Asks: 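Sending over a structure as structure tokens; questions will come in a sec.
These numbers were taken from a predicted model, which means no experiment stands behind them.
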Amino acid sequence: MNRTQKLGNVLIISSRKRMLSEFQSYLHSVLGEYLTFNTLLREQATDPSLFRGYQCVLFPTARAMENFPLTIDPSILQLPCDRVFNHMFLDKIIQIPPHERVYLVNDDRYSTLAIISQLEECGVTQYDFVPFYPGCKDTESDIQFAITAGEPQLVPSRIPNVLDIGNRIIDISTILQLCEYFNIPLQTVNRVSRNYVNQILHTVKTSETYYTNYVQTEQLMQVILFSLPIGICLFGADGRIQFMNTKFAHAFSLPSSNFEGQPFSECFPPAYADTAFDRNGDWTILLSDQKTQITLSVLSMVFPDTEPVFLAFLPEGRSTEMSVPKDEKTEESTFFASSRTFSLSLSHADSVQNLMAQARHLALFDFPILVQGESGTQRRTLARAIHNFSRRHHYPFSVLHSPGNDLTEASLLRLLAETNHGTLVLSQVDRFPLSIQDLLVNVLTNVHGNFFSAPETRRFDVRIIAIADDNLYKKVEKGTFLRELFHLLSASELQTVPLRRRREDIPDLLNYFLLQFFHNTDMTCDRIFSEGLLRFLKEYAYPGNIHELYNLSCSLFTRYSSHKLQLSDLPTYLRSRQMADVSLTDLQYQVLSFVSTHPKAGRLAIKNGLADGETFVSEAALRTVLGELSSAGYLIVHRTKGGCEISELGRMVLEK
């Protein structure tokens, strides 16, 4: 999307200037790329014409919205801002000694009780909170502590210990409602959710020192996670649950509160029993009622010397109810999965931008699409993006992987029935046996518009996207792929871009992957890779494309400790490949060996050192050898008196 182009305008109304400023600043920081946020004092709202040009009006509370005196056009979304106390103050709250009686001070009874309820839901139950607001009398002489949400002037002056936790902040549920209404890209929604979770986890980290005085750190983690307005579940590499909060359990109507050690996949309907949620991705789960869809996001968290842990969360507001005719329901639930590596949206390459523009355009139509390209160029990610942009995005997205000869007409018809109104991807169709190709021709003829000649039971409305390696038509010419099937699948065509043709994206991709592993924005490729290694990563051909780059990032992450990684830290297959064509003469090897043990040695020192080992060489011959080793990248020859140094590549050659 053009960054200067906004999706809509939002007006924030409140009777308090400070609240307007805080709301506007916070919302702009989160969604300012997509929405424009303006403010209006409640007493200035005297004319309905003030709301022209706005698609949404935000109020600080539901009561403020209900009591608003003007009638707003019903086409404008009216939304109360759900608010919660700022979790960043939790570490200060828990410094209050346990079992104390504490005034909770705010400007009215409703908001005061709401904050007490939120604190208790968050697990802060070690205090006896006493509500205090205008009209209340200070009769509790034993109370020595007060917590106030931005209203310190209302605290009785005799209270010696006052903690101002600031105005309540906008809850993530409101943010997600705005994202849903304005159809803001899912990657932004997930980023917001991620940032919110990271903020909570940061609170856990900073409050650890104080909280250990009366509660273990692990308990605090559970308190925080239980307080989240989104469902959270942690499970290990073995697929067994380590933690689940109540919101996650309620979303799937789970009967028990004792989830530890249970298989994560058993949380869902039987159709998902064999599903491995062991990678970054988004899944849309169709519940047993066959109507409700819940978006499940999974993030992998990898730490050195430990198995990965997976965080599954359910962003509020991302559940939908499917409108599916009765005759289209099947016994099995529909399973959606999509890649989350973002390697397409991260690209700066014109070729990739053009590819994405073509894909968005084709998503508007129902023509079959042939996606061709090398393995690892995220052809299936592109197919999923087309489905998400299309009118079929509420319906199933199914993938038929390269089948053997055991695929039958009945099983293919069943798959088409389950995918009806959705999108079917024929993955690696160029590897399908001829018998299966012939079956596809017979069946898909009735999918691509020839409805009238087909029996009633074989009429399907399915968008077909086929995935193949480069130039499928060559296989047609060789007779290994049916010409008729090729023409059925190739009404439109997309060609993915190999990584070697978009090298400008490699640093950004590396940094993105490293962020997923380290969870630290400071751990960039410039910081943890040597110049030689980074140069290699930028220049390497990547026959495995994005998938190879991701796996390589994983490998390097596991090797990192405190010093920059070198070329020698590359996986064995790359070191061997790089050294396969290296061939040194005896003299070149001796010079390289000498420099490795005598850094900064000049030509005279090298010549004398070789002579000590009874290898005699003229100055001209030595100059030639040094030039050859320098051109090959094995030596660094300084033009001043700095002498010569062995490079990372040179060390690898000696270790060969």
Asks: Give the C-alpha distance, both sets of side-chain angles, the deciding distance and a yes or no for side chain to side chain contact (heavy atoms under 4.5 Å, CB included) between Ile528 and Leu556.
Replies: CA-CA 9 Å; Ile528 70 172; Leu556 292 171; over 6 Å; no
Asks: Mind checking what makes salt bridge (Lys or Arg N to Asp or Glu O under 4.0 Å) contact with Arg500, not counting sequence neighbours?
Replies: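 Glu374.
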Asks: Does the pair Phe268 and Thr275 meet the rule for a side chain to side chain contact (heavy atoms under 4.5 Å, CB included), with working shown?
Replies: CA-CA 10 Å; Phe268 314 117; Thr275 301; over 6 Å; no
Asks: Are the side chain of Thr295 and the backbone N or O of Thr284 linked by a donor-acceptor pair below 3.5 Å?
Replies: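 The answer is no, because no donor-acceptor pair under 3.5 Å joins these two groups.
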Asks: Taking side-chain hydrogen bond (donor to acceptor under 3.5 Å, both in side chains) as the definition, give me every residue that meets it alongside Gln428, ordered by chain and number, with sequence neighbours left out.
Replies: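 Partners of Gln428 by the side-chain hydrogen bond (donor to acceptor under 3.5 Å, both in side chains) criterion come out as none, since no residue qualifies.
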Asks: Where do Tyr542 and Leu537 land on the side chain to side chain contact (heavy atoms under 4.5 Å, CB included) test, with the steps shown first?
Replies: CA-CA 9 Å; Tyr542 295 100; Leu537 294 172; 3.7 Å; yes
Asks: Rounded to the nearest 0.5 Å, what separates atom CD1 in Ile546 from atom OG in Ser375?
Replies: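 Rounded to the nearest 0.5 Å, the CD1-OG separation comes to 11.5 Å.
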Asks: Distance-only, no hydrogens or angles: does the Asn511 side chain make a donor-acceptor pair with backbone N or O of Cys525 under 3.5 Å?
Replies: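 Between the backbone of Cys525 and the side chain of Asn511 there is a qualifying donor-acceptor contact (under 3.5 Å).
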Asks: Can you give me the closest heavy-atom contact between Gly532 and Leu567, atom names plus distance?
Replies: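 Looking at all heavy atoms of both residues, the shortest contact is O-CD2, 3.9 Å.
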Asks: Would you say the side chain of Leu587 lies within less than 4.5 Å of the side chain of Leu622, judging by non-hydrogen atoms?
Replies: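 When only atoms from C-beta onward are counted, Leu587 and Leu622 do not touch, as no gap falls below 4.5 Å.
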Asks: Test side chain to side chain contact (heavy atoms under 4.5 Å, CB included) on Leu415 and Ser398 and set out the steps.
Replies: CA-CA 8 Å; Leu415 178 60; Ser398 303; 4.1 Å; yes
Asks: Flag the pair Leu440 / Leu482 as yes when at least one side-chain heavy-atom distance between them is below 4.5 Å, and no otherwise.
Replies: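 No - every pair of side-chain heavy atoms lies 4.5 Å or more apart.
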Asks: Taking side chain as C-beta onward, heavy atoms only, is Leu489 less than 4.5 Å from Val429?
Replies: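 Result yes, sub-4.5 Å side-chain heavy-atom pair found.
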Asks: Just checking Phe536: does its CZ atom have more than 12 heavy atoms from other residues, nucleotides or ligands closer to it than 6.0 angstrom?
Replies: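 Yes.
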Asks: Would a 4.5 Å heavy-atom cut-off, applied to side chains only, mark Phe481 and Val476 as touching?
Replies: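 When only atoms from C-beta onward are counted, Val476 and Phe481 do touch, with a gap below 4.5 Å.
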Asks: Kindly write out the residues that satisfy side-chain hydrogen bond (donor to acceptor under 3.5 Å, both in side chains) with Glu548, not counting sequence neighbours, or none if the list is empty.
Replies: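 Tyr540, Tyr573.
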Asks: Where is the tightest heavy-atom contact between Ala273 and Ser265, given as atom of each residue plus distance?
Replies: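 Shortest heavy-atom separation between Ala273 and Ser265 comes out as O-OG, 3.2 Å.
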Asks: Less than 6.0 Å separating the ring centroids of Phe517 and Tyr560?
Replies: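 Centroid distance Phe517-Tyr560: not below 6.0 Å, so no.
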Asks: Taking side-chain hydrogen bond (donor to acceptor under 3.5 Å, both in side chains) as the definition, give me every residue that meets it alongside Glu628, ordered by chain and number, with sequence neighbours left out.
Replies: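 For Glu628 the side-chain hydrogen bond (donor to acceptor under 3.5 Å, both in side chains) partners, ignoring immediate neighbours, are Gln588.
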Asks: For Ser492, what residues pass the side chain to side chain contact (heavy atoms under 4.5 Å, CB included) criterion, not counting sequence neighbours?
Replies: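 With neighbours one apart ignored, the set is Leu362, Phe367, Ile369.
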Asks: Checking Arg623 now: which residues fulfil salt bridge (Lys or Arg N to Asp or Glu O under 4.0 Å) with it, not counting sequence neighbours?
Replies: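 Salt bridge (Lys or Arg N to Asp or Glu O under 4.0 Å) list for Arg623, sorted by chain: Glu619.
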Asks: Could you check if a side-chain atom of Phe529 sits within less than 4.5 angstrom of a side-chain atom of Leu510, using non-hydrogen atoms only?
Replies: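 Side chain of Phe529 against side chain of Leu510, heavy atoms only: contact under 4.5 Å found.
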Asks: In terms of side-chain heavy atoms, does Ser347 have a donor or acceptor partner in Asp505 at a distance below 3.5 Å?
Replies: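 Result is yes, a qualifying pair exists.
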Asks: What distance separates Leu485 CG from Leu426 CG, expressed to the nearest 0.5 Å?
Replies: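 Atom-to-atom, Leu485:CG and Leu426:CG are 8.0 Å apart.
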Asks: Distance check, rounded to the nearest 0.5 Å: Leu635 atom CG versus Leu649 atom CG?
Replies: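 The CG atom of Leu649 is 10.5 Å from CG of Leu635, to the nearest 0.5 Å.
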Asks: Could you pull out all residues at least two apart from Glu493 that satisfy salt bridge (Lys or Arg N to Asp or Glu O under 4.0 Å)?
Replies: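 For Glu493, no residue satisfies salt bridge (Lys or Arg N to Asp or Glu O under 4.0 Å) once neighbours in sequence are set aside.
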Asks: Within the 4.5 Å heavy-atom criterion, are Arg240 and Pro263 side-chain neighbours or not?
Replies: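 Side chain of Arg240 against side chain of Pro263, heavy atoms only: contact under 4.5 Å found.
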Asks: Taking atom CG of Asn354 as the centre, report whether more than 12 heavy atoms of other residues, nucleotides or ligands fall under 6.0 Å from it.
Replies: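 More than 12 within 6.0 Å, yes.
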Asks: Of all heavy-atom pairs between Ser390 and Ala363, which one has the smallest distance, and what is that distance?
Replies: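 Looking at all heavy atoms of both residues, the shortest contact is CB-O, 3.3 Å.
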Asks: Looking at Asp586, I'd like to know if its CG atom is crowded, meaning that more than 12 non-hydrogen atoms belonging to other residues, nucleotides or ligands lie closer than 6.0 Å.
Replies: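 12 or below, so no.
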Asks: For Glu504, does the CD atom have more than 12 heavy-atom neighbours from other residues, nucleotides or ligands under 6.0 Å away?
Replies: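 Atom CD in Glu504 is packed in, count exceeds 12.
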Asks: Please tabulate, one pair per line, all N/O donor-acceptor pairs under 3.5 Å involving side-chain atoms of residues 590-599, not counting sequence neighbours.
Replies:
from	atom 1	to	atom 2	distance (Å)
Gln590	OE1	Thr615	OG1	2.7
Ser593	OG	Tyr589	O	2.9
Ser596	OG	Ser593	O	2.6
Thr597	OG1	Ser593	O	3.4
Thr597	OG1	Phe594	O	3.0
His598	ND1	Phe594	O	3.0

Asks: Please confirm whether Phe310 and Phe277 have ring centers closer than 6.0 angstrom.
Replies: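 Not under 6.0 Å, so no.
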Asks: Which heavy atom of Ser351 sits nearest a heavy atom of Arg501, and at what distance?
Replies: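 Nearest pair, atom of Ser351 first, then Arg501: OG-O, 4.3 Å.
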Asks: Do the side chains of Val625 and Val617 get nearer than 4.5 Å, heavy atoms only?
Replies: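 Of all side-chain heavy-atom pairs linking Val625 with Val617, none is under 4.5 Å.
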Asks: Return yes if some donor-acceptor pair links the side-chain N/O of Ser630 with the main-chain N/O of Leu626 below 3.5 Å, else return no.
Replies: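 Checked: no pair found.
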Asks: Tell me if a side-chain donor or acceptor on Glu645 pairs with a main-chain N or O of His638 at a distance below 3.5 Å.
Replies: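 No.
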Asks: Between Met356 and Leu382, which heavy-atom pair has the shortest distance, and what is it?
Replies: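 Smallest heavy-atom distance, with atoms named: SD-CD1, 3.9 Å.
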Asks: Okay, side chain of Gln566, backbone of Lys564: is any donor-acceptor separation there less than 3.5 Å?
Replies: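 A pair under 3.5 Å: yes.
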Asks: With sequence neighbours excluded, tell me which residues meet ring-ring contact (aromatic ring centres under 6.0 Å, His included) with His361.
Replies: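 Here the qualifying residues are Phe365.
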Asks: Tell me whether Asp612 at atom CG has more than 12 heavy atoms from other residues, nucleotides or ligands lying less than 6.0 Å away.
Replies: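 Result for CG/Asp612: enclosed.
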Asks: Is a side-chain N or O of Ser618 found less than 3.5 angstrom from the main chain of Ala621, in a donor-acceptor match?
Replies: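 Judged by distance alone, yes, a pair lies under 3.5 Å.
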Asks: Can you give me the closest heavy-atom contact between Asn545 and Pro498, atom names plus distance?
Replies: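 Heavy-atom minimum between the residues: OD1-CA, 3.3 Å.
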Asks: Can you tell me which residue pairs pass the salt bridge (charged side-chain N to carboxylate O under 4.0 Å, His left out) test with a partner in residues 468-477, sequence neighbours excluded?
Replies: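 Listed by first then second residue: Arg379-Asp469, Asp430-Lys475, Arg431-Asp469.
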Asks: My understanding is that only residues two or more places apart in sequence, or in another chain, count here; which of them pass salt bridge (Lys or Arg N to Asp or Glu O under 4.0 Å) with Arg651?
Replies: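 Partners of Arg651 by the salt bridge (Lys or Arg N to Asp or Glu O under 4.0 Å) criterion come out as none, since no residue qualifies.
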Asks: Nearest 0.5 Å, please: how far is OG in Ser297 from CG in Leu314?
Replies: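 These two atoms lie 8.0 Å from each other.
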Asks: Please examine the side chains of Leu509 and Arg502, heavy atoms only from C-beta on, and report whether any two atoms are closer than 4.5 Å.
Replies: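 Heavy-atom side-chain distance check passes, below 4.5 Å.
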Asks: Between Thr624 and Ala620, is there a donor-acceptor pair closer than 3.5 Å when you use the side chain of the first and the backbone of the second?
Replies: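 Yes, the answer is positive, given that a donor and an acceptor are paired below the 3.5 Å cut-off.
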Asks: Tyr634 side chain to Met652 main-chain N or O, any donor-acceptor pair under 3.5 Å?
Replies: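 Checking the backbone N and O of Met652 against the side chain of Tyr634, no donor-acceptor pair under 3.5 Å is found.
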Asks: Identify, with sequence neighbours excluded, every residue that meets side-chain hydrogen bond (donor to acceptor under 3.5 Å, both in side chains) alongside Asp508.
Replies: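 Residues passing side-chain hydrogen bond (donor to acceptor under 3.5 Å, both in side chains) with Asp508: His348.
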Asks: When the aromatic ring centroids of Phe486 and Tyr473 are compared, is their separation below 6.0 Å?
Replies: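 Ring centres of Tyr473 and Phe486 closer than 6.0 Å.
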